[in-house]
Chemist: 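Structure provided below as structure tokens; questions to follow.
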Amino acid sequence: MSQPNRELASTFTPAEIEAPLYEKWIAAGYFTPDANSNKEPFTIVIPPPNVTGSLHIGHALEHTLQDALIRMKRMKGFETLWLPGMDHAGIATQNVVEKQLTAQGFSRHDLGREEFVKKVWEWKGESGGAILEQMRRLGDSVDWSRERFTMDAGLSTAVLTIFKKLYDAGFIYRAERIINWCPCCLTALSDIEVEHSDDEGEFVSVRYGDGDMSITVATTRPETMLGDGAVAVHPDDPRYKEMIGKTVLLPLVNRMIPIIADELVDPDFGTGAVKVTAAHDPNDFEMAIRHNVPFIVIMNEYGVMAGTGTEFDGMDRFDARIAVVAKLKEMGRIVAQKRPYIHAVGHCSRCDTTIEPRLSKQWFVKVAPLAKAAGDAVRAGRVKIEPEFLAPRYFEWVDNMHDWCISRQLWWGHRIPVWYGPDDEVLVLGPNEKAPDGYSQDPDVLDTWFSSALWPFSTLGWPDESADLKKFYPTSVLVTGYDILFFWVARMMLFGLFAMDGVPPFRVIALHGLVRDKFGKKMSKSRSNTIDPLEFMDRYGADALRFSLARGANPGTDQTLAEEWVGASRNFATKLWNATRFAMMNGATVEGPLPAIESLNAIDQWILSRLSQTIAQADSLLESYEFARACDLIYHFAWDDLCDWYLELSKESFAKSDAVATKRVLGYVLDQLLRLMHPIMPFITETLWTSLTGGESLVIASWPVAQKTHLNKPAASLVAQLQSVITEVRRFRSDQGIKTSAKIPGRFIAPDQLAPYLGAMAFLLKLESGDFTPSAQLEIGAVKVEFDLVGTIDVVAERARLQKDLVAAEKDLATAKVKLSNESFMAKAPEKVLIEIKERLATTTADIERITVQLAALPSP
RNA sequence: GGGUGCUUAGCUCAGUGGUAGAGCGCUUCGUUUACACCGAAGAUGUCGGGGGUUCGAAACCCUCAGCGCCCACCA
């Protein structure tokens, strides 16, 4: 603390302080973690930012909360580390780059795989750099020099290692399966990449066979009948019992197909008879396996009919649907048509194309055993989900997870490390292994979540036993939105537990909600209600945005955000700026020891007491991820207690005496408060704090500590008394239409203990002492205030006011009396409540008496 | 269909058993040398409906009604 009390600009301009500060922090190396330090580690994983090249409001929220925790922990003496990354393999990235290519007039197929991947890298360099800049503006304290891309050597090694490990343990297998296929993206999609919506369709009932040997099936996808291998009914369905095991004619293709019995069929749905298209429907696939029904593929990868040997070959699947129905109609085989028929249809979450179930050879992860471990880790309390009410969602998913299809027919991503020999040998390669001549690698790449799941340890150097890994794994807390619980969080759990010998990747999963617009609507581009965090930072400053986001962040709950909110936060920052400037102008200092508590006046004692309460509560709230409540608490302490009361009550001291003790106390309170706020509003607090204290940086300052010895009830109740007198007198002045600035003669008649503070009150209330004959008076508790109002007072206003108070007091009295005369209450209510009610009875009785006297004393109208 | 959450002041939300809270907005007054991005004073609620438990319910239980999110193979 060398050069305190440097000057502050008279106006607060966020833009002027924010940019230079970030440079300062980076240059000083505050954010660089040291794996060899003996401090306790605190580690946070950063989810990969989105791929569009600009900071999304959701990431701004996430980053603010994470950074607040990191900054707090650093101040508490932890060795802190983010695990940053720009990973996003997969289709989203590929799509963005492809779009650019299309705009330039060529496709990725012209380029070839290698050139295309190069293009993606170029693009990621640019967009990644842009995002990085934007995050820095937000004030995050990430050491981005540690950032690693999924595709770089370190992570490739991790991917190869885990794949082989899983394969050798029997957790990865290849199988023919019905998968979700997007005929537009030409790729397989995992279950979670498919979005279901209720769409309009047609429910057609078609008669198969003729005469006695006919059966009517109902379907929403008539075109798939070309690939039917059977008709299924429920084994106990009396309508069809006789027909089971016989065959019927499949129209259009004129093939005889068997009628089979399977429990899966719901006899009450449709006609109770289902066509079985083994290669194009997941349910049918399962039945087909049980009953040996052939898999007949009738569509190619583009969703075009192919290989049926009918006139429909070459038609798009939707055209074929219409054509098939038309033809069947012609043949008189349509028994019923229900239209529109609303039913759930799967769509590609990227391009919205209707999903086509498709028979395909894919790689899978057998998740059941892994997911069991992931669920157990939470059940056993080794990993905590905050807030707890979101845990059922996690279990719901982890306990019912389907096997995970991990192969993707993309070019951008980790190539599946499987090689096929000339005679269909299958070889899985680990790091530094080479396939023999004549082997070729699987063309598919891995699902993006496969590599993302490795984040908590691959970024630390795994599979090497690095110093980082030893020190910083498992990570302390994962802060992320609940929407990504299934995509990312659960998968990190799966792989973390597996790869790290049962040690889960994080100790706590702290979930926040989504950011919505001010009407509570989910933000989306089509609604054009998206909020651009950059614009808000331009207009109001990064601190204001951070404070707004943190203040709205109740655990696991969505928050709304609107420009007014951010504006209000900026106002708060300005308030803080001005308060600190005022304090410094009046000589607030951090030099020398804090005076002994007993030597301080009650006002100083009170603010120290409130400060310690605030620190204790805010600290524990931040430690439990209750950002909103912590912010609220700090906000009210700073604005209400410090600015509105303490500074106002201290003005008289500053004006009339040298107020040495108060200057020191004020310096102390601001110093501590700025430390407390630094995690949420790093820029302004840094500027104010360095000016006030001359310290090097809040980033490396210590965290404020609540002082138990500062807690002071008598001082608190004395100040509460002062506050109620001041408020009452102000109210009286206001009701009487006396200007705030007007000085009026007035004096207090008060108990001795208030004597030292009457001057401060008079100063605040603009009361002038002197000889006068009182023309009006107020009684507030034990304090009497006499005024000389030149001219008459507004009796009507005052009477109305007193009447109102009287009514309220009488009501309170009645409530208290009812309770006290209730025998059950007296018998069963706890002592504490009893005393409280009795006190209330006493005070309201006194109030009524006092008000009645005052009313009587008023001149009659 | 399964899971889960929400319903409190005009708006957005806190509040988990003891006299209903905050921010913004609103009304009135005010440029008193920190701050008009401000200050002072003020108004505003059958706490979604209905039952129950309790001396006492916004809070706990049941039920109904709306809204939302996630998951899901209904042909």
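Labels below follow one simple rule: chain letters A, B, ... track the order of the sequence lines, proteins then strands, and each chain is numbered from 1. Predicted model, so just to flag it, every value in this text is computed and none were measured.
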Chemist: Choose from B:U31, B:G2, B:C70 the nucleotide whose nearest atom is closest to any side-chain atom of A:K739.
Modeler: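 That would be B:U31.
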Chemist: A:A568 has a side chain; which of B:C24, B:A34, B:A41 sits nearest to it?
Modeler: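 Given the options B:C24, B:A34, B:A41, the side chain of A:A568 is closest to B:C24.
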Chemist: Whole angstrom is fine here: how far is it from CD in A:E286 over to C1' in B:A72?
Modeler: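 It works out to 13 Å between those atoms.
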Chemist: Whole-Å distance between B:A75 P and A:E356 CD?
Modeler: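 From A:E356 CD to B:A75 P: 14 Å.
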Chemist: How close or far is atom C1' of B:C38 from atom CZ of A:R570, stated in whole angstroms?
Modeler: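 After rounding, the gap between these two atoms is 12 Å.
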Chemist: Ignoring hydrogens and geometry beyond distance, is the side chain of A:R581 in donor-acceptor contact with the base of B:C35 at under 3.5 Å?
Modeler: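 Absent.
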Chemist: Answer yes or no: is there a side-chain heavy-atom contact under 4.5 Å between A:L622 and A:F627?
Modeler: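 A:L622 reaches A:F627 side chain to side chain.
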Chemist: Check whether any side-chain heavy atom of A:V206 sits under 4.5 Å from a side-chain heavy atom of A:V335, and report yes or no.
Modeler: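 Counting from C-beta outward, A:V206 and A:V335 never come under 4.5 Å.
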Chemist: I want to check something: taking the side chain as every heavy atom from C-beta on, are A:M826 and A:E823 in contact at a cut-off of under 4.5 Å?
Modeler: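 Sidechains of A:E823 and A:M826: no contact.
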Chemist: Return no unless some side-chain N or O of A:K651 is found under 4.0 Å from OP1 or OP2 of B:U33.
Modeler: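 So the side-chain polar atoms of A:K651 never come under 4.0 Å of the phosphate oxygens OP1 or OP2 of B:U33.
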Chemist: Between B:A40 and B:U32, how far apart are the two P atoms, rounded to whole Å?
Modeler: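 One P to the other, the span is 16 Å.
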Chemist: Give A:S10 one of three labels, base, sugar-phosphate or nothing, depending on what nucleic acid heavy atoms sit under 4.0 Å from its own.
Modeler: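 Nothing, no heavy atom under 4.0 Å.
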Chemist: Strictly below 4.0 Å: does A:R551 bring a side-chain N or O up to OP1 or OP2 of B:A14?
Modeler: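 It does not, given that no N or O in the side chain of A:R551 lies less than 4.0 Å from OP1 or OP2 of B:A14.
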Chemist: In whole angstroms, how far is the C1' atom of B:U32 from the CZ atom of A:R730?
Modeler: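 One finds 12 Å between C1' of B:U32 and CZ of A:R730, rounded.
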Chemist: What dot-bracket string describes RNA chain B from 5' to 3', counting Watson-Crick and G-U wobble pairs whose defining distances are under 3.5 Å, with [ ] for crossing pairs and | for pairs to another strand?
Modeler: ((((((((.[[[[.)..(..]]]].(((((.......))))).....[[[[[..)....]]]]])))))))....
Chemist: Using side-chain contact (heavy atoms from CB on, under 4.5 Å) as the criterion, point out the one residue from A:E728, A:R730, A:Q723 that pairs with A:I726.
Modeler: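 With A:I726 as partner, A:E728, A:R730, A:Q723 yield a single side-chain contact (heavy atoms from CB on, under 4.5 Å), made by A:R730.
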Chemist: Just N and O in the side chain of A:W565: are any of them under 4.0 Å from OP1 or OP2 of B:A22?
Modeler: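 Negative; the distance criterion is not met.
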Chemist: Taking protein heavy atoms under 4.0 Å as touching, what does nucleotides 56-62 of chain B look like 5' to 3' if B marks base contact, S marks sugar-phosphate-only contact and - marks none?
Modeler: -------
Chemist: For A:K832, is there an ion pair with A:E836 - N to carboxylate O distance below 4.0 angstrom?
Modeler: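 Salt bridge flag = no for A:K832 with A:E836.
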Chemist: Could you list the donor-acceptor pairs under 3.5 angstrom formed between side-chain atoms of residues 629-639 of chain A and any protein atom two or more places apart in sequence or on another chain?
Modeler:
| from | atom 1 | to | atom 2 | distance (Å) |
| --- | --- | --- | --- | --- |
| A:D632 | OD1 | A:R551 | NH2 | 2.9 |
| A:H636 | ND1 | A:D640 | OD2 | 3.0 |

Chemist: Hey, is the side chain of A:N283 poking within less than 4.0 Å of OP1 or OP2 on B:C74, counting only N and O atoms?
Modeler: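 Negative; the distance criterion is not met.
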Chemist: Within the structure provided, determine whether A:L688 and A:M584 are in side-chain contact (heavy-atom separation under 4.5 Å).
Modeler: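 No, every pair of side-chain atoms sits at 4.5 Å or beyond.
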Chemist: Between A:F395 (CZ) and B:G2 (P), how many Å, whole number?
Modeler: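 Atom-to-atom, A:F395 to B:G2, this comes out as 21 Å.
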Chemist: Considering just the side-chain nitrogens and oxygens of A:T727, establish if one lies under 4.0 Å of OP1 or OP2 belonging to B:A41.
Modeler: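 The answer is yes; a side-chain N or O of A:T727 sits under 4.0 Å from OP1 or OP2.
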Chemist: When you get a sec, tell me which of B:C37, B:C73, B:C71 is the closest nucleotide to the side chain of A:T574?
Modeler: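 Nearest listed nucleotide: B:C37.
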Chemist: Can you check whether A:L673 reaches A:L642 side chain to side chain, under 4.5 Å on heavy atoms?
Modeler: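 The answer is yes; the side chains approach within 4.5 Å.
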Chemist: Just compare B:A75, B:G68, B:C35 and give me whichever is closest to any side-chain atom of A:R393.
Modeler: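 Of B:A75, B:G68, B:C35, B:G68 is nearest to the side chain of A:R393.
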Chemist: B:G39 P sits how many Å from A:E648 CD, rounded?
Modeler: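 My rounded result for the distance is 9 Å.
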Chemist: From the options B:C69, B:G39, B:G23, select the nucleotide whose nearest atom is closest to the side chain of A:H636.
Modeler: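 Minimum distance to the A:H636 side chain belongs to B:G23.
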Chemist: Whole angstrom is fine here: how far is it from CG in A:L576 over to P in B:C38?
Modeler: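 A:L576 atom CG is separated from B:C38 atom P by 13 Å.
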Chemist: To the nearest Å, give me how far apart CG (A:L765) and P (B:A41) are.
Modeler: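 To the nearest whole Å, that distance equals 10 Å.
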Chemist: Answer yes or no: does a side-chain N or O of A:R731 lie under 4.0 Å from OP1 or OP2 of B:A41?
Modeler: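 Answer is no, no contact under 4.0 Å.
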